Each structure stands twice: as structure tokens, then as C-alpha cells.
Amino acid sequence: MTALLSNIALQWKLNLRDKEILTVYYIVPLVFYLFMSGIFKTIMPGMDQTIIPTMCVFGATMGAMLGSPAPLIAVFATDIKKSYLVGGVPLYSALIVNFVSAFIHIFIMSCIIVFTAPIFFNATLPTNLTFWIGLILFIFASLSISSIFGLYVKDSSKASMFGQCIFLPTVMLSGIMIPSSMLPSIFTTFAKILPGTWGFELMTLNELTMQPILFLVVISIAGLIICFGKTLKSN
């Protein structure tokens, strides 16, 4: 356990030193948040109620889909994988280390948004437990999906392409930019397969409801089963 925690701390620091990963974990989401929040408040009345969930979904999806697969590809698509096998280190440890490190980064980025938005944009600070449960489950589900890309795709550019296939529909269809009521029914139906849709809904509710929780939990479990199955087969 001590070795695992040390590896998580090391991976967290390595991510901070990687300019590409740092960009999608922190820089782009926070710059977008600072630039767009004021615009949204101006053109969309009542946005102060949803700025925080909106920006958390945007930033967490970007970090998970476009950032977290890269360290996994660096292990499983290179000779580093052989080093794990020769040293008798289970490959699932690389998955766990990257997952936890990415979760911490994305959660920190989200907390920056949560606690600065009331100061900068007079946004409503979430005071209920539902928001935090929704945020945690959403990040967990997003990382479960992105970890699949990191394990099964051998090239970072292709992994990024797959990540964009989740990220862009989430931005456009999950309700964070355009209200779901303004979208055609076919788009809202498609949006229901996106973690961002359910994460945003859960973070904006005043009390827990089972449907979004169940979806996010099922996605998380299914993704992790696929990921751990891949690492066990590779041993």
C-alpha cells in the first residue's frame, strides 16, 4: 500500500511537469471558465445558478478524455510495459495510479471553480451534498471511460480523437451550453448516453435521485471491469 501511494504521488507530480497534460487538466478549463462565465451571465439570465456545474462538467470532461489516457499509453504501448512484467509488478497498478492521480487533478481543478466563481461571477455556491456526490461520480465515470482509451489505443493522437468523440457531444448536447429544452428530441435522446448529461443533472439538483446516480455507477463499474480485464490479460 505504501508503494502504491508513493507511485500515485510520483505520477501526480509527473503530470504537473507534463505541459500537455497540465494544459488539459488546468490551463484550458480554467481559462475557458474565466473567459466564458462572464459572457454566459450576460446573455443567459439565471446562469449564476448553473455556472459552477457547467464549468465543472466542461473541465472534468476535457481533463478525463483528453488528458488521462496519455500516461496509460506511455506504459501499455511502449517497452515500459515489459519493465512492469519483468519486475513482477501487476499492470493494474499502473491503471490505479493513473486513475487516482487524474481524479485528484480534476477534483482540484473543479474545486478552484467552485470556490472562485462566487467571488468572480457572483455564482451560487453549492451547499448541498448532492452537488459533491454528483461531481465525484461524474469524474469517476468519465475516467472509467477514458481509461479504456488509454489501455486499448496505442497512439496518443488516436486516443485524443476518441476522447473528442465524447468531449464535443458533451459540450454541445449535455445541457451545459445549450438548454436541453432547445435541442431536437433526437439529440436529447443521444445525450442520455453521455456521463456529462447525468453529472450535470445531478449537480444541479437539490436532492439525490436514483436515475443519474445509477447511470454513473453502472458506467463506472462497466468501464473498470473492461480496464482491469485488459490489464489482467496483459500480465
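The first residue of the sequence shown is numbered 1, and numbering continues consecutively from there. Because the structure is predicted, anything quoted here is derived from the model rather than measured.
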- Gap between atom OG1 of T23 and atom CG of D18 - 0.5 Å precision: 8.5 Å
- Message: I'd like to know if the side chain of W198 reaches the main chain of I213, judged simply by a donor and an acceptor atom lying under 3.5 Å from each other, with no hydrogens or angles considered.
- Response: no
- Task: Would you please classify the geometry between the W12 ring and the H105 ring as parallel, tilted or perpendicular, with 30° and 60° separating the classes?
- Result: parallel
- Query: Judged by modelled atom types alone, do S68 and S146 share a side-chain donor-acceptor pair under 3.5 Å?
  - Reply: yes
- Query: Hey, does the side chain of S147 reach the backbone of S144 with a donor-acceptor pair shorter than 3.5 angstrom?
  - Reply: no
- Query: Parallel under 30°, tilted from 30 to 60°, perpendicular over 60°: which one fits the rings of F103 and F140?
  - Reply: perpendicular
- Message: Does any part of the side chain of S220, heavy atoms only, come nearer than 4.5 Å to the side chain of L137, both counted from C-beta?
- Response: no
- Quick check: does any side chain N or O of T78 sit under 3.5 Å from a backbone N or O of I80, one acting as donor and the other as acceptor? yes
- Task: Return yes if some donor-acceptor pair links the side-chain N/O of N128 with the main-chain N/O of F131 below 3.5 Å, else return no.
- Result: yes
- Polar side-chain atom of Y33 near backbone of A117 as donor-acceptor pair, under 3.5 Å: yes
- Task: Hey, could you give me the CG/CG distance between L91 and L151, rounded to the nearest 0.5 Å?
- Result: 9.5 Å
- Ignoring hydrogens and angles, state whether a donor on the side chain of N7 or Q11 is under 3.5 Å from an acceptor on the partner side chain. no
- So, the side chain of S160 versus the backbone of S156: is there a donor-acceptor pair under 3.5 Å, distance only? no
